[in-house]
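Read through the structure below, which is laid out as structure tokens, and then see the notes.
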Amino acid sequence: MPNAYISGTGFYVPPKVVTNDLLAKEYGIDTTNEWIVQRTGIEERRFAEEGVGTSDLAVPAAKQAIERAGIDARDLDMIVFATLSPDHAFPGSGVYLQRKLGLCDGDSPKFVPALDVRNQCSGFLYSLTVASSMVQAGTAKHVLVVGAETHSAALDLSARGRTVASLFGDGAGACVVSATDEDRGIRGTYLGADGRGADVLAQRVWDIKKRPFIQLDEAGVGHVPASDLWAQMDGKQVFRNAVERMIGVLMQACADQGLTRDDIDLFFFHQANLRINQYIAQQIGIGEEKLVSNIQRYGNTTAATIPILLAEAEQSGRLKRGMKVAMVAFGSGFTWGAAIVDW
Ligand code: UT7
């Protein structure tokens, strides 16, 4: 059975920087830089321009990961695309990315399978699990895994939506998961979900039980109540569950791999709130120098946070071959996951 390793990483964030001050001044959110920094650690985030879709953000991230893996897009055997903000209700963003990478063009198109994963902040680790399983089973040699989000299109940028709107930003991260005979790679992934938390953090937009599922007025225009259009969150419940589940799944991963926290060189935690990650690190005795963070610059980019972190850490030289790394995520669902990787 081959091992599955991450052969290349890439990321892309849109150029528009929105500082906390700009959020208040330009968008009229009733907030302050001080409140956001103190509660979350976020200083700024990126917003995509209108006209840019989630699969567009994914293209440069994917190309970078493919190039750094030393392969051609046509060597890919599969695409797994994690997002909670897909371009459309359907089809998934994976097929758009396939087309935009040119895989459908020319005399020998590569009609590889494209799978969308809808697991919010845990989406990347769920996708990594699918990719590594396909590679280890011998079904695929190279799988492109992408996490990308365009949150700015669905934030209630008003005084009413300030709690959620202060947290999220746009971006994309990607990696290529490849087969190797070397003794390295993804040693284990650990996933969980608790549907009792399904309504604690949700964006419903429509209710499929209704006929039609979005109410139309006489002119045939759909109307969505603001409470359904924007994500709703009980932040304190999410915070409590995030701490408990992230610690739990990290402990499970370490125990299963026969590791202690000291054996791990770098921790890539989901970037929802710097305070959550600092609290976890303090609770289980991880030195802050081992925590990789970028929430200060990008906010919460949901499925994209961990692959962006990996790509930045690799490109800056902080993440090096031979290191043992742990990735941990928690998000809406509730869903969570961890991965242990020998880089
Ligand atoms: O990826 C997973 C997704 N999300 C998370 O992991 C988020 C987890 N939760 C959190 O990070 C925190 O709950 C938040 C940072 C979202 C909120 O912090 P909190 O300490 O739970 O604040 P709160 O919602 O209880 O609000 C406290 C106060 C309220 O005012 P009053 O009622 O005490 O007068 C809010 O209206 O802070 C107010 N507030 C704000 N003030 C200024 C809420 N958002 C803002 C804001 N600026 N952006």
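Order of listing sets the numbers, starting from 1, for every ligand and every atom in it. Computed from heavy atoms alone, side chains included, the values below leave out hydrogens, waters and symmetry copies.
Summary of contacts: the protein heavy atom closest to atom 9 (N) of ligand 1 is G235 O, 3.0 Å. Among protein heavy atoms, the minimum distance from atom 48 (N) of ligand 1 is reached at S166 OG, 2.8 Å. Distance from atom 23 (P) of ligand 1 to its nearest protein heavy atom, with residue and atom name: K236 NZ, 3.7 Å. What sits closest to atom 5 (C) of ligand 1 on the protein, heavy atoms only, is V238 CG1, 3.5 Å.
Under 4.0 Å from ligand 1, not a single heavy atom of R275 appears. Residue contacts with ligand 1, taken as heavy atom pairs separated by less than 4.0 Å, involve T40 solely via side-chain atoms from C-beta onward. With a 4.0 Å heavy-atom cut-off, ligand 1 is reached by no atom of Q120. When heavy-atom distances to ligand 1 are checked against a 4.0 Å cut-off, V164 has no atom that comes that close, whether in backbone or side chain. Residue contacts with ligand 1 for T31 involve both N, CA, C or O and side-chain atoms from C-beta outward (heavy atoms, distance under 4.0 Å). Residue N300 touches ligand 1 through its side chain alone, judged by heavy-atom distances below 4.0 Å.
Polar contact check, T32 against ligand 1: no nitrogen or oxygen pair lies under 3.5 Å apart. Checking only distances, M233 never comes within under 3.5 Å of ligand 1, N or O to N or O.
Contact annotation: the side chain of T139 never approaches that of M78 to less than 4.5 Å [non-hydrogen atoms, C-beta and beyond]. The closest side-chain heavy-atom distance from V224 to W206 is not below 4.5 Å. Proximity of F11 to E312: side-chain heavy atoms (C-beta onward) are separated by under 4.5 Å at one or more points. Between M251 and I284 there is a side-chain heavy-atom pair separated by less than 4.5 Å. Counting heavy atoms from C-beta on, the side chains of D21 and E26 never come closer than 4.5 Å.
Checking W35, F334, F168 against atom 45 (C) of ligand 1, the nearest heavy atom belongs to W35. If you check each of N241, N273, T163 against atom 44 (N) of ligand 1, the one with the closest non-hydrogen atom is T163. Comparing I276, L167, I36, L201 against atom 3 (C) of ligand 1, the shortest heavy-atom distance belongs to L201. Among Q271, R162, R39, the residue whose heavy atom sits closest to atom 35 (C) of ligand 1 is R162.
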| request: Mind running side-chain contact (heavy atoms from CB on, under 4.5 Å) on S93 and D116 for me, showing each step along the way? | output: CA-CA 7 Å; S93 290; D116 271 42; 3.9 Å; yes
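There is a protein heavy atom less than 4.0 angstrom from atom 25 (O) of ligand 1. For atom 33 (O) of ligand 1, the protein comes within 4.0 Å by no heavy atom at all. At a distance under 4.0 Å, a protein heavy atom can be found next to atom 38 (C) of ligand 1.
The salt bridge (Lys or Arg N to Asp or Glu O under 4.0 Å) analysis of residues 159-179, with sequence neighbours excluded, yields the pairs D30-R162, D156-R160.
One distance of note links CH2 of W343 with NZ of K324; it measures 13.5 Å at 0.5 Å rounding. Here the straight-line distance linking atom OG1 of T19 with atom CZ of R297 works out to 15.5 Å at 0.5 Å rounding.
Heavy-atom contacts from other residues, nucleotides or ligands closer than 6.0 Å to CD of E67 number 12 or fewer.
A donor-acceptor contact closer than 3.5 angstrom links the side chains of T305 and H270.
Shown in contact with H270 at under 4.0 Å from a heavy atom are these atoms of ligand 1, numbered in order with element: 1 (O).
For Y27 and F47, the gap between ring centers is short of 6.0 Å.
I29 does not count as a contact of ligand 1, since none of its heavy atoms falls under 4.0 Å from the ligand.
With H151 as reference, T302 is the one residue of T302, N300, T301 to meet the side-chain hydrogen bond (donor to acceptor under 3.5 Å, both in side chains) rule.
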